[in-house]
Amino acid sequence: MMKIRRKTILLLALELLLVIALVFAVNLWRTRDSASGVSPALVGATLDGNAFNLADHRGQILLVHFWASWCPVCGVVDGTIDSIAKDYPVITVAVSSGSDEEIRQHMQAEGLDFAVINDEEGAINQRWGVVGVPMSFIIDKQGDIRFRDVGYTSGPGLRLRLWITDNFDAW
């Protein structure tokens, strides 16, 4: 009985590792054309009128999150980003989401408070090679992209990647 139980646990652990490896491989494939290495420039004005320059954030980790008001998956992730923004530096970029006023109205209706740069023309989106929304980049203290995710990502998963970036040198 003990051998059967141990074998079952080992098989479940192997299956879990296989699923994790598969998810990791799919994410790598989906983000293959997006920015990697040294982060591209990111300069703009947030909806509240503050100037933002990614270069000013050297020495700290940063979550750069691309989203759209029309994206249903973004709507699911928005609360997570809003929560993370209370604990970590976060800048978001609204992609093809209308005017500043339309984005402000969307954020007010959804109860969101994170910093947003409106990328109405798509220049930032293109420079970063965003392949879909939502898409998140975690930037390390040296300004390098450490993690890239496209599509749904969990709050604990994002927080874990931010913690890893904050506590371990690049690997």
Side-chain angles (χ1 to χ4, degrees), residues 20 23-24 26-28 30-32 34-97 100 103-119 123-171:
I20 290 170
V23 168
F24 183 74
V26 167
N27 188 60
L28 280 176
R30 290 174 50 189
T31 61
R32 70 190 179 283
S34 63
S36 62
V38 176
S39 56
L42 179 52
V43 177
T46 62
L47 293 183
D48 58 9
N50 292 324
F52 180 86
N53 187 339
L54 181 61
D56 294 339
H57 292 268
R58 287 284 167 102
Q60 65 181 162
I61 63 167
L62 179 74
L63 172 61
V64 179
H65 180 74
F66 290 81
W67 63 281
S69 59
W70 46 264
C71 166
V73 177
C74 298
V76 173
V77 177
D78 284 346
T80 296
I81 301 303
D82 202 48
S83 173
I84 289 172
K86 293 172 179 39
D87 300 322
Y88 290 95
V90 173
I91 187 68
T92 72
V93 180
V95 177
S96 302
S97 294
D100 289 359
I103 296 169
R104 277 189 204 94
Q105 289 174 1
H106 171 78
M107 294 196 54
Q108 184 177 12
E110 298 298 320
L112 302 171
D113 193 36
F114 46 73
V116 180
I117 296 173
N118 185 5
D119 188 24
I124 299 169
N125 181 47
Q126 189 172 32
R127 185 169 38 253
W128 282 70
V130 172
V131 296
V133 289
M135 186 160 188
S136 298
F137 296 83
I138 297 178
I139 313 301
D140 68 16
K141 294 174 183 176
Q142 291 73 40
D144 295 329
I145 296 170
R146 288 279 294 277
F147 294 98
R148 304 173 293 179
D149 289 296
V150 64
Y152 175 79
T153 186
S154 70
L158 271 176
R159 286 182 181 277
L160 176 62
R161 289 187 288 277
L162 284 161
W163 181 83
I164 289 169
T165 302
D166 196 25
N167 289 287
F168 297 97
D169 291 332
W171 17 295

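Note that the structure is predicted; figures quoted are calculated from it, not measured.
Other residues, nucleotides and ligands contribute at most 12 non-hydrogen atoms within 6.0 Å of the CD atom of Gln126.
Residues Leu112 and Ile81 form no side-chain contact, since every pair of their non-hydrogen atoms from C-beta on lies 4.5 Å or further apart. Annotation: side chain of Val130 is in contact with side chain of Phe137 (closest heavy-atom distance under 4.5 Å). Inter-residue side-chain proximity for Tyr152 and Val76 is flagged as met; some heavy-atom pair is nearer than 4.5 Å. Between Ser154 and Thr80 there is no side-chain heavy-atom pair separated by less than 4.5 Å. In this structure, the side chains of Ile139 and His57 stay at 4.5 Å or more apart for every pair of heavy atoms. When side chains are defined from C-beta on, Pro40 does not count as touching Leu54, because their heavy atoms never get closer than 4.5 Å. A 4.5 Å side-chain heavy-atom check between Arg159 and Ser83 finds at least one atom pair inside the cut-off.
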Check the pair Arg146, Ile164 against side-chain contact (heavy atoms from CB on, under 4.5 Å), reporting the backbone distance first and the verdict last. CA-CA 9 Å; Arg146 288 279 294 277; Ile164 289 169; 4.1 Å; yes

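Asn167 places a side-chain N or O within donor-acceptor distance of the main-chain N or O of Trp163, the cut-off being under 3.5 Å. Remark: the backbone N or O of Thr165 is not paired with any side-chain donor or acceptor of Asp140 at under 3.5 angstrom. Remark: side-chain polar atoms of Trp128 are not paired, donor with acceptor, to backbone N or O of Leu42 under 3.5 angstrom. In terms of modelled atom types and a separation under 3.5 Å, the side chain of Asp82 and the main chain of Phe114 share a donor-acceptor contact. A donor-acceptor pair is defined here as one N or O able to donate and one able to accept, closer than 3.5 Å; such a pair exists between the side chain of Asp119 and the backbone of Ala123. Thr92 places no side-chain N or O within 3.5 Å of a backbone atom of Phe66 that could act as its donor or acceptor partner. In this structure, the side chain of Ser39 engages the main chain of Gly143 through a donor-acceptor pair within 3.5 Å.
The structure places NZ of Lys141 at 14.0 Å from CZ of Arg58, a figure rounded to the nearest 0.5 Å. Expressed to the nearest 0.5 Å, how far CG of Asp87 lies from CG of Leu63 amounts to 12.0 Å. Rounding to the nearest 0.5 angstrom, the gap separating the OH atom in Tyr88 from the CG atom in Leu62 is 12.5 Å. Note that the CD atom of Gln105 and the OG atom of Ser69 stand 10.5 Å from one another [nearest 0.5 Å]. The CG atom of Asp78 sits 5.5 Å away from atom NE2 of His106, with the distance rounded to the nearest 0.5 Å. To the nearest 0.5 Å, atoms OG1 (Thr46) and CG (Asn118) are separated by 11.0 Å.
Nearest heavy atoms, Val77 versus His65: CG1-CE1, 4.0 Å. The shortest non-hydrogen separation linking Ala94 to Val116 is CB-CG1, 3.8 Å. Here the closest non-hydrogen pair linking Trp70 and Val95 is NE1-O, 3.5 Å.
Ser136 and Arg161 form no side-chain donor-acceptor contact under 3.5 Å, judged by distance and modelled atom types alone. Arg148 and Ser34 form a side-chain donor-acceptor contact under 3.5 Å, judged by distance and modelled atom types alone.
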